[in-house]
Amino acid sequence: MSKPFSIAIHGGAGTILREKMTQELQDEFLHQLEKSLRAGHKVLAQGGSAVDAVVSAVTVMEDSPLFNAGKGAVMTSKEMVEMDASIMDGQDHNVGAIAGVQHIKNPIHLARQVMQDSEHVFLIGEGAEAFAFDNGYAFTEQDYFFTERRYEQLLRMKQAQGFALSESEYPDDDKHGTVGAVALDQQGNLAAATSTGGVTNKQYGRVGDSPIIGAGTYAENGNVAVSCTGMGEFFIRKMVAGDVAARMRYLQEDIATACDTIIQGELKRIGGEGGLVAMDAQGQAHFSMNSSGMYRGAIDTVGNLTVKIYSDE
Ligand code: ASP
């Protein structure tokens, strides 16, 4: 009999309201979440690594225009995309992260490449892209990432002179989000991955929590794997992913207590909106959010698949 394995994902948190969601869009989200979960689960079922599983799951969402990562990334104030991503292998604490890349179709692949084939753990902008092209990545034109919806969203946000989560209710209510995955493989290894376009109308050069290990992403064998989504400025201040791991490690809190204490307490107290997906060493997933919704799903250790959107589900 195979050892337990499991995967869980998120496709972004924010103000997601039933009354503003069409049936068609909702179905499409649920379909993409399921597709992502099945891609990651297949890797695990075949005995593959948690690292490969989270990359497979995230790749599906990066390739969909629905989510704020890869193809569907939001735009900066300069009407460009700048994407961030990170990955952590819980087995050896190895990490790879990139920020501010503009011509990479699947940022999560590059984050893994940095982890596996670079002497460094975090590359940004031009240097990250130079490393990518040296390793055979194709140059992807900005046009590939351009979607009418993202452009309209940017124009509305510019008018409001603000910046916001892609799932922000005001002034735009298009439903898209940062993506992430956590997994436990049959060898008992945990991994976490996160990929994002950031926040709409961000100052160019701005980096959020997603590529920052300990803020948006963390994984540690025998303990927990975490991927966050929400207003990065707050997740960085509260070192959310690392703090979940620390609470479980030092206080022996269970996964639900550790996650909810931070998301509903510490983070909310300083005005931080968002959520996370976490997985413990037994493959039990937990979702925590203080926003009205978070696209999310899991395939648990007995193979049950669930996909959800709203916080009251
Ligand atoms: N955490 C991301 C950032 O701040 C945004 C998101 O989760 O939608 O860049």
Side-chain angles (χ1 to χ4, degrees), residues 5-13 29 31-44 48-74 81 83-90 94-99 101 104-116 128 132 137 140 145 166 176-185 189-198 208-213 215-219 225-230 232 241 275-279 285 287 294-299 305 307:
F5 57 94
S6 167
I7 183 159
I9 59 169
H10 69 73
F29 265 107
H31 170 69
Q32 289 296 331
L33 289 172
E34 182 172 339
K35 193 171 156 194
S36 161
L37 282 167
R38 291 206 187 281
H41 192 259
K42 188 172 166 200
V43 172
L44 298 171
S49 71
V51 164
D52 286 345
V54 292
V55 169
S56 294
V58 164
T59 302
V60 169
M61 293 187 281
E62 283 183 341
D63 289 343
S64 162
L66 289 180
F67 303 98
N68 173 20
K71 171 72 184 149
V74 298
V81 302
M83 299 167 289
D84 310 329
S86 69
I87 186 163
M88 183 160 184
D89 185 344
N94 206 359
V95 300
I98 51 151
V101 298
I104 304 297
K105 185 167 176 266
N106 289 108
I108 199 61
H109 293 188
L110 185 54
R112 178 176 54 186
Q113 188 104 34
V114 169
M115 175 170 82
Q116 291 173 342
Y137 283 66
T140 304
F145 304 102
S166 52
H176 318 268
T178 286
V179 306
V182 291
L184 172 74
D185 66 29
N189 298 315
L190 288 166
T194 312
S195 179
T196 189
D209 60 313
S210 307
I212 297 179
I213 299 301
T217 305
Y218 199 76
V226 186
S227 171
C228 300
T229 170
L276 58 77
V277 56
M279 179 166 290
F287 301 96
M294 180 168 76
Y295 304 108
R296 62 197 186 278
I299 301 181
L305 181 142
V307 282

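What you see is a predicted model; the values in this text were computed from it and never measured.
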Undergrad: Check the pair R38, L305 against side chain to side chain contact (heavy atoms under 4.5 Å, CB included), reporting the backbone distance first and the verdict last.
TA: CA-CA 9 Å; R38 291 206 187 281; L305 181 142; 3.8 Å; yes
Undergrad: Rounded to the nearest 0.5 Å, what separation is found between the OH atom of Y218 and the CG atom of L190?
TA: 11.5 Å
Undergrad: Mind listing the closest non-hydrogen atom pair of S227 and A193 along with its distance?
TA: OG-O, 3.3 Å
Undergrad: Against T178, only a single residue in T196, T194, T229 fulfils side-chain hydrogen bond (donor to acceptor under 3.5 Å, both in side chains); can you say which?
TA: T196
Undergrad: Measure from the side-chain N and O atoms of E62 to the backbone N and O of S195, and report whether any donor-acceptor pair falls under 3.5 Å.
TA: no
Undergrad: Indicate yes or no: at least one non-hydrogen side-chain atom of S86 is less than 4.5 angstrom from one of I213.
TA: yes
Undergrad: Within this structure, what is the CE-OG distance for the pair M83 and S210, rounded to the nearest 0.5 Å?
TA: 12.5 Å
Undergrad: Would you check if V307 and F29 make a side-chain contact, meaning some heavy-atom pair closer than 4.5 Å?
TA: no
Undergrad: Step by step, would you call L33 with H10 a side chain to side chain contact (heavy atoms under 4.5 Å, CB included)?
TA: CA-CA 8 Å; L33 289 172; H10 69 73; over 6 Å; no
Undergrad: So K71 and L66, do their side chains get closer than 4.5 Å, heavy atoms only?
TA: no
Undergrad: Between D185 (side chain) and A50 (backbone), is there a donor-acceptor pair under 3.5 Å?
TA: yes
Undergrad: Working to the nearest 0.5 angstrom, can you tell me the gap between I9 CD1 and M279 CE?
TA: 11.0 Å
Undergrad: How many angstroms lie between OG in S56 and CG in L37, if you round to the nearest 0.5 Å?
TA: 12.0 Å
Undergrad: Kindly give the heavy-atom pair with the smallest separation between A57 and I7, and that separation in Å.
TA: CB-CD1, 3.9 Å
Undergrad: Give, for atom CD of Q113 and atom OH of Y137, the distance between the pair rounded to the nearest 0.5 Å.
TA: 4.0 Å
Undergrad: Which heavy atom of D209 sits nearest to which heavy atom of G230, and what is that distance?
TA: OD1-O, 4.1 Å
Undergrad: A side-chain contact here means heavy atoms from C-beta on lying under 4.5 Å apart; do M294 and L276 qualify?
TA: no
Undergrad: Could you tell me which non-hydrogen atom of A298 sits nearest to which non-hydrogen atom of A285, and how far apart they are?
TA: CB-CB, 4.5 Å
Undergrad: For G198 and N68, work out which heavy atoms get closest and say how close.
TA: O-ND2, 2.7 Å
Undergrad: When you measure from the side chain of S6 to the backbone N and O of I299, does any donor-acceptor pair fall under 3.5 Å?
TA: yes
Undergrad: Which pair of heavy atoms, one from L110 and one from A132, lies closest together, and at what distance?
TA: CD1-CB, 3.5 Å
Undergrad: Measuring from atom OG1 of T59 to atom CG of N106, what distance do you get when rounded to the nearest 0.5 angstrom?
TA: 5.0 Å
Undergrad: Please determine whether side chain to side chain contact (heavy atoms under 4.5 Å, CB included) holds for the pair N94 and Q116, giving the CA-CA distance in whole Å, both sets of side-chain angles, and the decisive distance to 0.1 Å.
TA: CA-CA 8 Å; N94 206 359; Q116 291 173 342; 5.7 Å; no
